[in-house]
Amino acid sequence: MTDAVVPRAEDFDEIAALLALAFHNDLDPEMQAIERPIFEPERSLLVRDGRTAVAHAAAFSRDLAVPGADVPAAHVTMVAVAPTHRRRGLLSGLMRRQLREIRDARREPVAVLWASEGRIYPRFGYGSAAQRLVLSADTTGLRLPDPTPAEGTLRLDRPAAHAGELARLYERARADRPGWSRRDERWWAYVLAEVKSLRGGATARRVLLHDGPDGLDGYALYRTRDEWSGGVPRSEVQVAEVVAHTPAAYLALWRLLLSVDLTRRLSFPIAAVDEPLLRLVDEPRQLAPQLADGLWVRMVDVPAALAARRYAADVDVVVEVVDPLLPENSGRWRLVGGPAGAECTATTAPAGLACDVRALGELYLGGATPAALAATGRVRELIPDTLATTTAAFTWHRSPTPMEVF
């Protein structure tokens with residue numbers, strides 16, 4: 001068995017076969033065709049046993065919206081170990097080397113990922129930073145507020161016909177939504193691609209467009225899946241994403257999605273924890289919201305990451321950090337910041353708080369608070385009243401939420 005190497009672009013099919021094996025899928029040429037353009041071989045690490053790929057980890061180069069700012073973030077993905085090579089330290093070796101390269105070669109202050117299992121990545125310093133709500137609604141009789149004269153008009157079309165408009169709307173909204181990743185043309189092609197084997201019997205994706213007084217100001221991507229029971233329609237609307245710049249656009253989009261003819265159910269697996277829909281419907285229990293994890297964040301360069309975001313209130317705190325995998329992060333850091341900006345520097349001053357790097361990852365997008373983590377014992381208050389001031393600073397006016405699995 002060899003150490004991890006950086007693969008070539010032509011090794012993609014071999015890596016895809018390993019991933020299919022690890023995640024219990026069959027190789028799908030159609031899926032490979034849409035994934036190949038976003039693959040970054042120079043950011044991948046591959047382990048072979050002889051000529052066989054047995055372990056792999058990769059990252060995508062994308063910006064991540066954080067409270068008040070954008071930061072370059074390693075989007076960690078395509079992590080797999082062959083069933084025959086588990087318990088040999090391959091995953092640990094890949095994760096450690098990847099973190100070192102993200103810090104030293106890429107100089108990205110944070111890494112972010114979706115976890116196949118929540119127990120895997122905390123040992124590498126990742127914290128659950130952006131949770132989501134999974135909505136599975138019975139739409140029968142569900143009501144929204146009555147329309148207003150200024151609500152605008154709706155259109156239906158194929159998403160690919162409006163890729164440029166969707167990109168502009170998304171990017172405008174992304175600036176105020178921690179957890180959303182930047183999408184260039186390659187990523188929009190990936191997001192809008194149609195792979196029939198992944199539809200589960202549903203239709204091709206449709207786009208619902210909302211035009212307000214100043215033009216296009218909202219869209220929703222969705223599918224429908226046909227189902228009948230005893231001659232009664234039970235079809236489902238499957239919502240992928242909803243982006244709206246005004247309350248009127250948001251309400252109009254959801255009014256149609258919740259009332260499509262012959263449908264009785266709606267699913268939306270990436271609703272925000274502060275999703276307005278829960279406050280608009282007349283019976284929120286029918287949405288059946290279930291809390292799930294979404295994005296996991298790992299601070300790779302603690303002072304750079306803390307200085308990159310903005311804070312809801314002025315803060316001046318010294319945090320003592322422990323990071324066994326990247327010892328440069330360990331030590332005391334003084335964070336001085338507020339709504340206009342921040343700086344973070346090494347210090348020997350007494351610490352007001354103490355935590356490990358995983359806790360900082362959970363705090364970073366504003367989804368968790370120092371006080372909440374202190375209740376678990378994972379943040380320790382060393383100077384009285386420090387928790388109160390830092391909790392006010394680390395919150396944000398929008399809950400962080402993921403937008404797509406990468």
Side-chain angles (χ1 to χ4, degrees), residues 62-73 75 109-113 126-133 170-182 241-247 250 270-279 289 291-299 301-317 319 333 335-344 352-353 355 357-376 378-379 386-404:
R62 304 178 70 182
D63 291 343
L64 180 71
V66 303
D70 237 12
V71 298
H75 286 55
V110 298
V112 59
L113 56 77
Y126 286 87
S128 179
Q131 295 179 306
R132 60 192 167 106
L133 292 179
Y170 173 87
E171 191 62 22
R172 181 178 157 200
R174 194 179 74 85
D176 195 37
R177 197 84 236 199
W180 288 16
S181 301
R182 187 181 299 278
E241 59 186 64
V242 176
V243 174
H245 291 297
T246 67
Y250 183 89
I270 54 164
V273 173
D274 61 353
E275 192 69 48
L277 185 64
L278 277 78
R279 307 285 181 179
L291 189 64
D293 64 292
L295 294 179
W296 294 67
V297 167
R298 210 285 186 194
M299 285 201 184
D301 185 331
V302 165
L306 289 175
R309 62 157 284 183
R310 303 296 179 259
Y311 297 86
D314 290 339
V315 62
D316 186 347
V317 63
V319 183
W333 302 100
L335 170 65
V336 180
E343 61 179 22
C344 188
L353 299 177
C355 64
V357 73
R358 175 190 166 196
L360 285 182
E362 293 190 42
L363 297 172
Y364 191 58
L365 298 181
T369 66
L373 292 186
T376 72
R378 294 183 44 236
V379 169
T386 306
L387 274 175
T389 56
T390 54
T391 292
F394 270 85
T395 56
W396 200 245
H397 64 276
R398 299 297 302 271
S399 292
T401 186
M403 183 49 102
E404 84 263 2

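Bear in mind the structure is a predicted one, so any value in this text is a computation, not a measurement.
Among residues two or more places apart in sequence or in another chain, the ring pair (Phe, Tyr, Trp, His ring centres under 6.0 Å) test is passed with W296 by none.
Of all heavy-atom pairs spanning A359 and V379, the tightest one is CB-CG2, 4.2 Å. A pairwise comparison of heavy atoms in A307 and C344 identifies CB-N, 4.0 Å as the closest pair. When all heavy atoms of D293 and S128 are compared, the pair lying nearest together is CB-OG, 4.0 Å. Nearest heavy atom pair, residue V110 against residue A305, reads CG1-CB, 3.7 Å. In terms of heavy atoms, L387 sits closest to T390 at O-OG1, 3.3 Å. When all heavy atoms are compared, the tightest approach of A313 to P339 is C-CD, 4.4 Å.
Expressed to the nearest 0.5 Å, how far CG of L306 lies from CG of L360 amounts to 6.0 Å. One distance of note links CD1 of I270 with CD of E241; it measures 6.0 Å at 0.5 Å rounding.
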inquiry  = Would R177 and D274 count as a salt bridge (charged side-chain N to carboxylate O under 4.0 Å, His left out) here? Give the steps.
reply    = CA-CA 11 Å; R177 197 84 236 199; D274 61 353; 2.8 Å; yes
side-chain contact (heavy atoms from CB on, under 4.5 Å) evaluation trace for C355 with R378 = CA-CA 6 Å; C355 64; R378 294 183 44 236; over 6 Å; no
request  = Step by step, work out the side-chain contact (heavy atoms from CB on, under 4.5 Å) result for V273 and R132.
outcome  = CA-CA 6 Å; V273 173; R132 60 192 167 106; 5.9 Å; no
task = Determine, step by step, whether V297 and L365 satisfy the side-chain contact (heavy atoms from CB on, under 4.5 Å) criterion, reporting the C-alpha distance in whole Å, the side-chain angles of both residues, the deciding distance to 0.1 Å, and the verdict.
result = CA-CA 9 Å; V297 167; L365 298 181; 4.1 Å; yes
task = Please step through side-chain contact (heavy atoms from CB on, under 4.5 Å) for the pair V317 and T386, ending with a clear verdict.
result = CA-CA 7 Å; V317 63; T386 306; 3.6 Å; yes
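No side-chain donor-acceptor contact under 3.5 Å links S181 to the backbone of R62.
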What donor-acceptor contacts under 3.5 angstrom involve side-chain atoms of residues 394-403, with partners at least two apart or in another chain?
{"unit_1": "T395", "atom_1": "OG1", "unit_2": "A392", "atom_2": "O", "d": "3.0"}
{"unit_1": "H397", "atom_1": "NE2", "unit_2": "D176", "atom_2": "OD1", "d": "2.8"}

Can you give each donor-acceptor pair under 3.5 Å made by side-chain atoms of residues 63-73, sequence neighbours left out, with the distance rounded to 0.1 Å?
{"unit_1": "D63", "atom_1": "OD2", "unit_2": "R182", "atom_2": "NE", "d": "3.2"}
{"unit_1": "D70", "atom_1": "OD1", "unit_2": "A65", "atom_2": "N", "d": "3.4"}
{"unit_1": "D70", "atom_1": "OD1", "unit_2": "R174", "atom_2": "NH1", "d": "3.0"}
{"unit_1": "D70", "atom_1": "OD1", "unit_2": "R174", "atom_2": "NH2", "d": "3.3"}
{"unit_1": "D70", "atom_1": "OD2", "unit_2": "R174", "atom_2": "NH2", "d": "2.6"}
{"unit_1": "D70", "atom_1": "OD2", "unit_2": "R182", "atom_2": "NH2", "d": "2.5"}

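The side-chain tip of R309 points at the ring of Y311 from less than 6.0 angstrom away and within 45° of straight on.
No side-chain donor-acceptor contact under 3.5 Å links E362 and Y126.
Side-chain contact between R298 and V357: present, with at least one pair of heavy atoms (C-beta onward) separated by less than 4.5 Å.
Few gaps surround CD on E404; more than 12 heavy atoms of other groups in view lie less than 6.0 Å from it.
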